[in-house]
2 protein chains.
Amino acid sequence: MAQKNLLPMILLGLINIEKKTGYDLKKDFETEIGEFWSVKHSQIYLELKRLEGNGEIKSTTGFYGNKIEKTYYEITKKGKERLESWLDSYSDILNVNKDEFVLKLYFIKSRKDPRLQDLLQEQYRLRSKKLEHLKERMKFVFPNKESKNDNFGHYLILDHAIRREQEYVNWLEEILEK
Amino acid sequence: MAQKNLLPMILLGLINIEKKTGYDLKKDFETEIGEFWSVKHSQIYLELKRLEGNGEIKSTTGFYGNKIEKTYYEITKKGKERLESWLDSYSDILNVNKDEFVLKLYFIKSRKDPRLQDLLQEQYRLRSKKLEHLKERMKFVFPNKESKNDNFGHYLILDHAIRREQEYVNWLEEILEK
DNA sequence: GGGGACATGTAAGTGGTTACATGATTGC
DNA sequence: GCAATCATGTAACCACTTACATGTCCCC
């Protein structure tokens, strides 16, 4: 989208928790952070180089087995400052949520369009599946009340995602009933 | 984002309603379709050229005053086919909603982080404003029950947007109360 | 007369995707 | 042995943004 560049912040944020390799970061995007952000590994490695060039992270070499070298990155003072300064800042730009399904609905003017039912049913199937997945994640990541306090931000996000998806499903159900 | 290219579909969809100039399309993105999709005029003009090159739209010249030429585009049979084929298709890719605020929350681990309250308050202000705006739009675009049937898809989208925004505001309120 | 809307483009830069590329390691 | 995972990168392409650019029309 050539949008506001937030990937550096995510990488700094993740590396700030503990030193990581590019591959570790890739894994992070496949699990928890992948629920609300996506990026390809090629982009991660490019951005890491850039951050290192800026002196916001620094690398050390580790090994996987005897021959495979892996590069650990840790955050520097400069990187910490950038991260903190971002966390302290406000942004009044609300993201526009580009949803292909919603777009199709827009062009289906009539309530009686024969395509409407199939489209709704398919979306209902997809969204219900997503909702179940999110609920499973919640159970897995926060199995009890105390665990929520360990990473309150993450708990809030999952909670929010579940409510949003639930709303989506409810909305689709209501339309299907009509 | 170099994402799935949906702009051609939007342009075809809008031109399919009635013939339009690039400027008309730009205006559409500033009003109703702008609630859930954004694009710059430079991109619109580029995409129009491409669509015309493909033979999916065709242009005729009109005038604004005596000297300013404007180019009207109307959809061709080929363009209609592409549009219909898209409307008939399914996509099982759910968009990842990239929300900067949510990202910040993720990196604020602690419930007691002093930045949390300000961040929440600011987001609450923004989201409430957006919600009010959407409610106003709904009143304006669909002033009565009958009008909903004229463009059922658009009604559904606005309804959905309001519910989603309402959920966002409720969620923020709950956190602020804690 | 001037400012905002009307109207249409080009050019440079960048974030992101897709595809290509390579090789070791681990567990079955 | 072989498949999946670990691990890191480059290159081509593309959608999109930002900035630059130009000129008319209409109303106050």
Side-chain angles (χ1 to χ4, degrees), chain A residues 1-11 15 19-31 33-34 36-54 57 59-73 91 93 95-98 100 103, chain B residues 1-12 15 19-31 33-34 37-54 57 59-73 91 93 95-98 100 103:
Chain A
M1 211 193 280
Q3 53 173 38
K4 193 170 178 183
N5 194 6
L6 291 170
L7 182 58
M9 300 312 167
I10 304 176
L11 299 182
I15 293 168
K19 68 175 184 176
K20 285 176 192 248
T21 67
Y23 196 77
D24 291 337
L25 291 161
K26 177 180 174 277
K27 287 281 140 186
D28 287 340
F29 279 98
E30 279 165 20
T31 55
I33 213 159
F36 55 95
W37 214 274
S38 69
V39 77
K40 307 293 168 188
H41 79 273
S42 53
Q43 191 66 14
I44 293 174
Y45 287 107
L46 281 173
E47 196 59 54
L48 285 172
K49 296 274 175 199
R50 207 183 299 170
L51 288 171
E52 195 178 19
N54 291 348
I57 54 176
S59 62
T60 45
T61 304
F63 282 94
Y64 176 74
N66 296 318
K67 290 187 180 168
I68 287 193
E69 280 192 15
K70 52 180 181 179
T71 310
Y72 279 103
Y73 292 97
S91 167
I93 299 154
N95 60 312
V96 178
N97 194 3
K98 296 187 172 185
E100 185 173 1
L103 205 54
Chain B
M1 213 191 280
Q3 53 172 40
K4 195 169 176 181
N5 195 5
L6 291 170
L7 182 59
M9 301 310 168
I10 304 176
L11 299 182
L12 287 172
I15 293 168
K19 69 175 184 178
K20 285 175 191 250
T21 66
Y23 196 79
D24 291 337
L25 291 162
K26 177 180 174 277
K27 286 281 140 187
D28 287 340
F29 279 96
E30 280 165 19
T31 54
I33 213 159
W37 213 275
S38 70
V39 76
K40 308 291 168 186
H41 80 274
S42 52
Q43 190 65 13
I44 293 174
Y45 286 107
L46 282 174
E47 195 60 53
L48 285 171
K49 296 275 176 198
R50 207 183 300 171
L51 287 171
E52 195 177 19
N54 292 347
I57 54 175
S59 63
T60 46
T61 304
F63 282 93
Y64 177 74
N66 296 318
K67 290 187 181 167
I68 287 192
E69 280 192 16
K70 53 180 179 178
T71 310
Y72 279 103
Y73 292 97
S91 167
I93 300 155
N95 63 311
V96 179
N97 194 3
K98 297 186 171 185
E100 185 173 0
L103 206 53

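Residue numbers start from 1 in every chain, and the chains themselves are labelled A, B, ... in the order their sequence lines are given, proteins ahead of strands. Note that the coordinates shown come from a computational prediction; the quantities given were computed from them, not determined experimentally.
For dA7(D), the OP1/OP2 oxygens have no side-chain nitrogen or oxygen of Tyr64(A) closer than 4.0 Å. Put simply, Lys67(A) has no side-chain N or O that comes within less than 4.0 Å of OP1 or OP2 on dT25(C). Remark: Thr21(A) is in phosphate contact with dT8(D), judged by side-chain N or O atoms under 4.0 Å from OP1 or OP2.
Rounded to whole Å, atom C1' of dT17(C) lies 15 Å from atom CG of Leu6(B). Straight-line distance from the CG atom of Asn95(B) to the C1' atom of dG16(C): 16 Å, rounded to whole Å. For Trp37(B) and dC16(D), the CH2 to P distance is 8 Å, given to the nearest whole Å. Atom NE2 in His41(B) sits about 14 Å away from atom P in dA11(C), given to the nearest Å. Summarising the geometry, the separation between NZ on Lys26(B) and C1' on dA7(C) is reported as 9 Å, rounded to the nearest angstrom. For Ile44(B) and dC6(C), the CD1 to C1' distance is 14 Å, given to the nearest whole Å. Going from atom NZ of Lys98(A) over to atom C1' of dG15(C) covers 13 Å, rounded to whole Å. The separation between Lys40(A) atom NZ and dA11(D) atom C1' is 17 Å, rounded to whole Å.
In this structure, Tyr73(A) and Leu51(A) have side chains that are not in contact, with every pair of non-hydrogen atoms separated by 4.5 Å or more.
Taking 4.0 Å as the cut-off between side-chain N and carboxylate O, Glu30(A) and Lys27(A) count as a salt-bridged pair. Salt bridge annotation for Glu52(A)-Lys49(A): absent, with no cationic side-chain nitrogen under 4.0 angstrom from a carboxylate oxygen.
Within a 6.0 Å radius of CZ in Phe36(A), more than 12 heavy atoms belonging to other residues, nucleotides or ligands are found.
Each of Lys70(B) and Ser38(A) was matched to the nucleotide of DNA chain C holding its nearest heavy atom; the match closer to the 5' end belongs to Lys70(B). Comparing Gln43(A) and Asn66(A) by the nucleotide of DNA chain C whose heavy atom lies nearest to each, the residue mapping closer to the 5' end is Gln43(A).
Residue Arg50(A) places its side chain closer to dG15(C) than to any other of dC6(D), dG15(C), dT10(D). Distances from the side chain of Asn5(A) to the nucleotides dT24(D), dT10(D), dG16(C) place dG16(C) closest. Closest contact between the side chain of Ile68(A) and the listed nucleotides dA7(D), dA7(C), dT18(C) involves dA7(D). Of the candidates dG9(C), dA19(C), dA5(C), dA5(C) carries the atom nearest the Tyr23(B) side chain, counting heavy atoms from C-beta on. Considering only side-chain atoms of Ser42(B), the nucleotide from dT17(D), dG9(C), dG9(D) that sits closest is dT17(D). Comparing dC6(C), dT24(D), dT25(C) against the side chain of Lys27(B) picks out dC6(C) as the nearest.
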May I have the step-by-step check of side-chain contact (heavy atoms from CB on, under 4.5 Å) for Tyr72(B) and Lys20(B), ending in yes or no? CA-CA 5 Å; Tyr72(B) 279 103; Lys20(B) 285 175 191 250; 5.6 Å; no
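Donor-acceptor pairing under 3.5 Å, judged by distance alone, is absent between the side chain of Thr71(A) and the base of dT8(D).
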